[in-house]
Number of protein chains: 2
Amino acid sequence: MNAPVVKKVLVDSLELRGAVAALFEAVGVSSTHADEIAEVVVFADMRGVETHGVQFTPRYVRGIMRGHLNATPNLRVVHRRGSTAVLDADNGLGFLSTRRAMKEAIVIATEMGSASVAVRNSNHFGPAAFYPMMALESGMIGHVTTDGPPHTVVWGSKKPMLSNDPVAWAFPTPSGPPIVLDMAFTGVKEKIRLAAQRGGTIPADWAVGPDGSPTTDPKVALEGYLLPIAQHKGSGLIVTNEILCGALAGALFSFEVSPALVMGADHHDSWKCGHFVQVLDPGAFGDRPTFMRRIGELATALRGAPKAEGVSRIYLPGEMEAELSAERLKNGLPLAVTTLEALDVVARNAGAPVPSATIKIREMT
Amino acid sequence: MNAPVVKKVLVDSLELRGAVAALFEAVGVSSTHADEIAEVVVFADMRGVETHGVQFTPRYVRGIMRGHLNATPNLRVVHRRGSTAVLDADNGLGFLSTRRAMKEAIVIATEMGSASVAVRNSNHFGPAAFYPMMALESGMIGHVTTDGPPHTVVWGSKKPMLSNDPVAWAFPTPSGPPIVLDMAFTGVKEKIRLAAQRGGTIPADWAVGPDGSPTTDPKVALEGYLLPIAQHKGSGLIVTNEILCGALAGALFSFEVSPALVMGADHHDSWKCGHFVQVLDPGAFGDRPTFMRRIGELATALRGAPKAEGVSRIYLPGEMEAELSAERLKNGLPLAVTTLEALDVVARNAGAPVPSATIKIREMT
């Protein structure tokens, strides 16, 4: 256990959200859009998904400053039929277009029972779970997937041409947190990094080295790329999402998206990737009270299932994240000092208020 | 390599289909329904998915003879709004209700751009790929998922309460076979059986023994049950499908479905499980020629990706199955002698023509 300790401080999530929004406003984003982005960014950190949270903000802001991303996108519905729509994101951040797509989908599903909305010409949308969770307020089911820069392979290849194409689903429940699945179709690079720091090995099916050969050496794996989960199965699920987000949405496939960011660039350049959202209204498939009662029975049965050895509690998808988020809302959000410093640097460059000077910072106890 | 050799003979797939249909007709199924079932059953064998093919037919027929399954289901649309519908399968085989649900979905999607149709009160539907492939003739995208008897766990539990909840997707392509993904969210028991016969070990994350502890001993694994793919990820994807097929469709969850068949019963008893199908019309999201060109570009790029060591060809989902099916249509379908004998036995019980007497049988060369 010699993983380096990341020094963290405690901040208030609403203050952090304000500071993040101010950064986007400083580079020309409208206050409404800036707040829409900041809400999703901080949502990720609150749920423990720091990889998709505030730490990315400096790269988004530099992407706008350098003209790669459109600060003032004109979001337009370019196709509309029955239960479907296509939205052009106008090269703005995916946070904005996916929120808008989900709003359209909820309106459509209210009338049609279900809705499928594709987004083209878009960019990173951060934590996938946020968008399907928008449908929960209306008692509906939400779903989203996306493509993005390539960092994994189609099964049988040694060249990364596919994104990890995450999916998220959100389902309302009669009590307790909603059921929220948010997952990618590759493993997590962070776990390989941890194994490298600890000097251990990794399972042979997690990653390959730069030459495309399977490796159990985490250091070699970090020079290479992640494999899809469950071999050809994860690869097949990714290909499915590539078709929905690329061909159907009229956006670029992952192998056509700029890999700069995943190769370590300090800014987010233009991706022109696609997203695909769906909403289902349980009220169209029967009566809502019965649906809610049944989903409650499923949750109760699964939470109460006999536990495997060493397991103290069975968590449904999204339950850990909901509890962590509630705890952080109450006690403060731990933020890496390096992340705060990076926000300060980009704030000075952008002429925005410097976050460490505008938000209260507490030491972790 | 001491796996036992299964003796097989060659039969003509159309003749076999006729013999299977005759079996269902003999137990009271209409000739239209009998042919609809037989077509899907033989489709599975043609594509090399023998686990879901003709070998199951005796169990279906006995299920009907014993009154567990409805031979003459009255398929009814019980809810209908906008782009959605719910079909009651009336305790008939899932082959019939899922074909009907997909037909409804294609009609709805033609007008609405997308369709979501749920099926309740249903039973086994055999090979999932058949149903989304029905949408291909209309140039559309098809999708299906289902629940069924429990044989895997929610992550953290040691009691099988979930089905492997397979999904299938079918996408049209401008040339070559369509892209067809058909997969379950557990591994394949057959591979564990093979490892047991060969005296080898299995990876620790494939299965657990009867006490719920992970095992690398395939013999212990065969006494226990399969684990979801990719640990909590596969489990989460299964929970998603349970909600769609159970709560949304108004059907039983897998932990409520009779496990008799997966426990080795010789007949299919009543499941009352659910299915969920979706159809997307690419023409609603843009122009179809562009969609087809783009999906062709994706297929070409992925097939031509640099190959990993030891890989001679990159297959897209469904490509192997399409080639095998074409070869078997031309040269004959290999059928296990034990399967043919089992068909003969149930034919005599049901008073149907005996398959081995009505279809031409050739020795494998």
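Please read all numbers here as calculations on a predicted model, not as lab measurements. We name chains A, B, ... by the order of the sequence lines, and we start the count at 1 in each one.
Residue Gln231(B): no heavy atom, backbone or side chain, is found under 4.5 Å from chain A. There is no contact between Ala299(A) and chain B, counting heavy-atom distances below 4.5 Å. There is no contact between Thr290(A) and chain B, counting heavy-atom distances below 4.5 Å. Neither the backbone nor the side chain of Ile108(B) comes within contact range of chain A; no heavy atom of the residue lies under 4.5 Å from a heavy atom of that chain. Looking at Ala109(B), the atoms closer than 4.5 Å to chain A (heavy atoms on both sides) all sit in the backbone: N, CA, C or O. With a 4.5 angstrom heavy-atom cutoff, Phe253(B) touches chain A via backbone and side-chain atoms both. In this structure, the portion of Ala85(B) lying under 4.5 Å from any heavy atom of chain A is its backbone and not its side chain. Contact of Arg120(B) with chain A is made through the side chain alone, with heavy-atom distances under 4.5 Å. Looking at Pro282(A), the atoms closer than 4.5 Å to chain B (heavy atoms on both sides) sit in the backbone and in the side chain alike. For Ser254(A), no part lies near chain B; criterion is any non-hydrogen pair under 4.5 Å. Of the atoms belonging to Ile141(A), it is side-chain heavy atoms, and not backbone ones, that fall under 4.5 Å from chain B. Residue Ala170(B) does not touch chain A at all, counting heavy-atom pairs closer than 4.5 Å. Both the backbone and the side chain of Leu302(B) come within less than 4.5 Å of a heavy atom of chain A. Contacts of Phe285(A) with chain B are made by both backbone and side-chain atoms, with heavy-atom separations under 4.5 Å.
In this structure, Lys233(A) contributes its side chain and Ala184(B) its backbone to a donor-acceptor pair below 3.5 Å. At least one donor-acceptor pair under 3.5 Å links the side chain of Ser83(A) to the backbone N or O of Met112(B).
Applying the side-chain hydrogen bond (donor to acceptor under 3.5 Å, both in side chains) rule to Arg288(A) yields the partners Asp281(A); only residues at least two apart in sequence or on another chain are considered.
Across Gly283(B), Ser235(B), Ala247(B), the residue that shares the most heavy-atom pairs under 4.5 angstrom with chain A is Ala247(B). The choice from Glu256(B), Arg80(B), Arg313(B) that makes the most heavy-atom pairs within less than 4.5 Å of chain A is Glu256(B). The choice from Gly187(A), Gly236(A), Ser312(A) that makes the most heavy-atom pairs within less than 4.5 Å of chain B is Gly236(A). Most heavy-atom pairs under 4.5 Å with chain B: of the set Lys307(A), Lys159(A), Arg293(A), this distinction falls to Lys307(A). Heavy-atom pairs under 4.5 Å with chain B were tallied for Val311(A), Val167(A), Leu181(A); the largest tally goes to Leu181(A). Contact count versus chain B (heavy atoms, under 4.5 Å) is highest, among Ala301(A), Ala230(A), Pro317(A), for Ala301(A). The most heavy-atom pairs under 4.5 Å with chain A, out of Val78(B), Leu298(B), Ile229(B), Val86(B), come from Leu298(B). Across Gln278(B), His143(B), Met292(B), the residue that shares the most heavy-atom pairs under 4.5 angstrom with chain A is Gln278(B).
Heavy atoms only, all atoms of each residue included: Ser213(A) and Glu309(B) are closest at OG-OE1, 4.4 Å. Looking at every heavy atom in both residues, Thr110(A) comes nearest to Arg81(B) through O-NH1, 3.2 Å. Between Met161(B) and Ala305(A) the shortest heavy-atom distance is SD-CB, 3.4 Å. The shortest heavy-atom contact between Ser116(B) and Leu280(A) is OG-CD2, 3.6 Å. Across Pro306(B) and Ser157(A), no two heavy atoms sit closer than the pair O-OG, 2.6 Å.
Taking 4.5 Å as the limit, every side-chain heavy atom of Ile295(B) sits out of range of all side-chain heavy atoms of Leu248(A). Side chains of Thr240(B) and Phe171(A) form a contact here, defined as non-hydrogen atoms less than 4.5 Å apart. A heavy-atom distance below 4.5 Å is found between the side chains of Leu237(B) and Met183(A). You'll find the side chain of Phe291(A) reaches within 4.5 Å of the side chain of Ile243(B), heavy atoms only.
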Checking salt bridge (Lys or Arg N to Asp or Glu O under 4.0 Å) for the pair Glu242(A)/Arg294(B): CA distance, chi angles, key distance, verdict?
-> CA-CA 11 Å; Glu242(A) 288 287 323; Arg294(B) 289 290 286 157; over 6 Å; no

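Thr84(B) and Ser114(A) are not linked by any side-chain donor-acceptor pair at a separation below 3.5 angstrom, with hydrogens and angles left out of the test.
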